[in-house]
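When reading the values below, keep in mind they use all heavy atoms of this one structure, side chains included, and skip hydrogens, waters and symmetry mates. Both counts, for ligands and for their atoms, begin at 1 and track the order of listing. Note that the structure is a prediction, hence the values are computed from the model and not measured.
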Amino acid sequence: MERTFGILTAGGDCPGLNAAIRGVCRAAYDRYQMNILGIASGYRGLIDGDVRQLKPEDFSGILTRGGTILGTSREKPFKNRPGAFDNEMVEGRVAAIKENYRKFKLDCLVVVGGNGTNTTGYLLAQEGLNVLGLPKTIDNDIVGTDRTFGFHSALAIATEAIDRLHSTAQSHNRVMVIELMGHKAGWLALSAGVAGGGDVILIPEIPYDIKAIGRHLIARSRSGKSFSIVVVAEGALSAEEAKMEKKERKKRRAEEGSPSIGYRVAREIEQETGVETRATVLGYVQRGGIPSASDRVLATSLGTAAAGLLARGEYGRMVSLNGNEIGSVSLELPAGKIKTVPEDHYLIDAAVSVGTCMGI
Ligand code: F6P
């Protein structure tokens, strides 16, 4: 009997989502003759029953397209909303998902997303649904896979931005601060900082000391370098802030009035060094547009591997890249976790070895 699966994309979008959808759907349809239902707007569409049949023309010609043809949302069915009748709301959402899973006669639900999406996938598997996960995010912070698709494209965009800041920094003898995405993990800032030759790289995993940064930048200027590039992850924080509770930290930030960490670091650097400093926040440009060749390859490989798992009925797994191999791990492995940059990671050593200050 023909099997049916539903596919959704959830969380922040990233380049490569459509390539992954195409990979799963093409292989599942052409190779394994499966029936495919596209679910709109992440878990929101599954709760609302916003589902449509996908035919080959829907997943043709989308390999290079940015965004997601299915749409996405940050709906987290298992998360309580403050002020609401919490448990009832969670129960209601999960019940609606289970009902729609049955109503649409799904043999499996394929979820394409980051930490939150795969964690929800795991929780739904615990509720008895057949689920498969695919790891996407520009943050590259999913446990169980060496790389997520989206990361490589964002890295290329961020590196180009740093390259472009170099010439203007040099012309004006300025310090240029660039803020990149990454709330909890600094993979993107660290990698782009290394690729773009950042003089200072600040990541959430290494709370910074502005005095150390000031000393580094002044020493650089005394050695004849008239400009500097500082790469900051959006989740970077000072050593002082690292000791605070989240609530207190948030309050402090609000009182300071800086729109984001990049602006704050720029202000601190100017105070510390007396050098004119400007801030650039790259923002959503990092998530938009066509996927890099590398992300297309990864998304296609992970997508087609997921179709293989569907065909074999191996559920409860997330497809993954481990070393040079495409495989899969139990959905339990990434659930509720974030892969941060370890202190002894070779990229930190590489950065320090070429004279980059990591903020301490
Ligand atoms: O996709 C992950 C991410 O890019 C994070 O680095 C960032 O903090 C977050 O998404 C912001 O996205 P949104 O505004 O869509 O929630």
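With a 4.5 Å cut-off on side-chain heavy atoms, Asn100 and Ile97 do not count as touching. Within the 4.5 Å cutoff, side-chain heavy atoms of Leu8 are placed close to those of Tyr43.
When hydrogens are left out, the protein atom nearest atom 2 (C) of ligand 1 is Asp139 OD2, 3.1 Å; that is the closest non-hydrogen contact. At the shortest separation from atom 4 (O) of ligand 1 among protein heavy atoms lies Met181 SD, 2.9 Å.
When atom types are taken as modelled, the side chain of Thr280 and the backbone of Ile178 share no donor-acceptor pair closer than 3.5 angstrom.
In Tyr284, the part holding a heavy atom less than 4.0 Å from any atom of ligand 1 is the side chain. Counting heavy atoms under 4.0 Å from ligand 1, residue Arg287 touches it through the side chain alone.
For ligand 1, the polar-atom distance check finds no N/O of Lys136 at less than 3.5 Å from any of the ligand's N/O atoms. For ligand 1, the polar-atom distance check against Thr137 finds no nitrogen or oxygen pair separated by under 3.5 Å.
Applying the 4.0 Å criterion to heavy atoms of Glu234 picks out, from ligand 1, the atoms 5 (C), 6 (O), 7 (C), 8 (O). Near Arg74, meaning under 4.0 Å from any of its heavy atoms, are these atoms of ligand 1: 9 (C), 10 (O), 11 (C), 12 (O), 13 (P), 15 (O), 16 (O). Taking every heavy atom of Gly182 and a limit of under 4.0 angstrom, the matching atoms of ligand 1 come to 6 (O). For ligand 1, the atoms sitting less than 4.0 Å from at least one non-hydrogen atom of His183 are 8 (O), numbered in the order shown with element in parentheses. In the vicinity of Ile138, heavy-atom distances shorter than 4.0 Å reach the ligand 1 atoms 4 (O).
Within a 6.0 Å sphere centred on CD of Glu245, heavy atoms belonging to other residues, nucleotides or ligands number 12 at most. Taking a 6.0 Å sphere around CZ of Arg312, one finds it holds more than 12 heavy atoms contributed by other residues, nucleotides or ligands.
With respect to the salt-bridge test (charged N to carboxylate O, under 4.0 angstrom), the residues Glu160 and Arg164 qualify.
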### Message
side-chain contact (heavy atoms from CB on, under 4.5 Å) for Ile36 and Ile7? Distances and angles first, verdict last.
### Response
CA-CA 8 Å; Ile36 310 166; Ile7 181 166; 4.2 Å; yes
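Checked by atom type, the side-chain pair Asp141/Asn115 shows a donor-acceptor distance below 3.5 Å.
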